[in-house]
Amino acid sequence: MTFDIQKIRQDFPILARTVHGKPLVYLDNAATTQKPRQVIDALVHYYEHYNANIHRGLHTLAEEATAAYEESRLKAGRFINAAHPEQEIIFTRNTTEGINLVAHGWGRKNLKSGDEILFSAIEHHSNLVPWQMIALETGAKVRYVDIDETGHLVWDDLLEKLNAKTKIVAISQMSNVLGTINDVKAIAEVAHKFGAVLLIDGAQSVPHMPVDVQDLDCDFLAFSAHKMLGPTGVGVLYGKRDILNAMDPFLGGGEMIMKVTYEESTYAALPNKFEAGTPNIADVIAFGAAIGYLEGLGMDAVREHEIAITQYAIDALSRVEGVKIFGPEDAHEKGGAVTFNYGDLHPHDLSQVLDQEGVAIRAGHHCAQPLMRRLGVVATARASFYIYNTNEDVDALVDALGAADRIFGSSSSEARGGAGHAVTA
Ligand code: C6P
């Protein structure tokens, strides 16, 4: 292990609490992560010492707030190695808003009837619904790349569906359900050959592995602060400068203009053009502290820790009779999310029993209903890990499954039929 998990845990006040009299075992990190003291302190410090609106005021507080806000932009840019952080990093509310910004800001201008939008079978609703909406509006058509039985994209299907009509490829780098990691660098290469732009949904990848937008050569990357130790209500949309410059604004209002008359307006330069109205100043500043925390650990070390704990979890869960795991078995091929079902027990019931044991997981369709249908299930349970999780947390999950079994008899002989580790179509 390249970092000291026990030391890290001390930075997270919430990890000291109990749930139903049991120590909290937080395994719902793909939904949102917990926040370290450094992030909470940055938030409180802002409100206690220099709360002011940014960019507008000429007083000391406004200048301090503006400087801290812009510093977070530079930090976010450095974190993903943007070539021009001061222009290419747009603060949004979350990944969802970033993708909508591209669908509407870029899509309205660049899509027309007969064009194609290509996404994949593993996408989160956030990377499906905005494209369906813009397709309806423009007459473009949505298509998706299928997955194989381990949850990887079928490369031949991608090549077959990419063509001169494809104008944008919108793909997640890491699935929030199966954890599968897509080779987005290779996808960028083939998409660009056809003249298409590539948007990466980085909601799950950016928090968990090193991501370098220049190396990937992606055109857009969207991610959320709250999944990487930061506050809720802040997201980042990265876009290549030339592409952002050529796009129309998504929202109109204060801060995003150059000149306004009663009849018409001209727009501000990047990034303000895309940040209409007062932004989420406090949370953007606290997000800077979250980035600093992760940089202190090193994203290579974060990834290394997650491979280790994910493999430990896959191995431990595989030994539990009645557990069926979906997605890759090798943790090197996936992020820190393990999705499974336990016998014929509904994941919602399972989640409730685990909660009684202090273990927090997510159960449901994980905002990926088409993928659930593709897997042949209505819902699954998901344990997802982050920097503060230990193998003991995984042991607690496995023990809690025993409690569920005692209550529901979930690993009944009928239910034990599932072979596990396979995506069933
Ligand atoms: N997935 C999960 O439990 P927002 O809500 O905008 O911050 O993130 C949306 C989103 C987009 N893409 C992927 C791959 C995601 O995983 C998510 C959020 C959470 O899986 C909440 S549904």
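First listed ligand is number 1; within each ligand, the first listed atom is number 1. If you're wondering where the values come from, they're calculated on a predicted model, not measured in any experiment.
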Sequence neighbours excluded, every pair satisfying side chain to side chain donor-acceptor pair (under 3.5 Å) that has a member inside residues 236-247: H84-R241, Q87-R241, D217-K240, D219-K240
Using distance only, find each side-chain donor-acceptor pair of residues 36-45 under 3.5 Å and give its atom names and separation, not counting sequence neighbours.
none

Within residues 110-154 or reaching into it, pairs that qualify as ring pair (Phe, Tyr, Trp, His ring centres under 6.0 Å) - sequence neighbours excluded: H125-H365
Geometric class of the F250/H104 ring pair [parallel <30°, tilted 30-60°, perpendicular >60°]: parallel
Flag if over 12 foreign heavy atoms under 6.0 Å of CZ, R93: no
Set of residues that line ligand 1, where lining means a heavy atom lies under 4.0 Å from it: A30, A31, N94, T95, T96, H124, S126, N176, D201, A203, Q204, S224, H226, K227, R362, C367, R382
Exercise: identify the closest heavy-atom pair between L216 and K185: CD2-CB, 3.9 Å
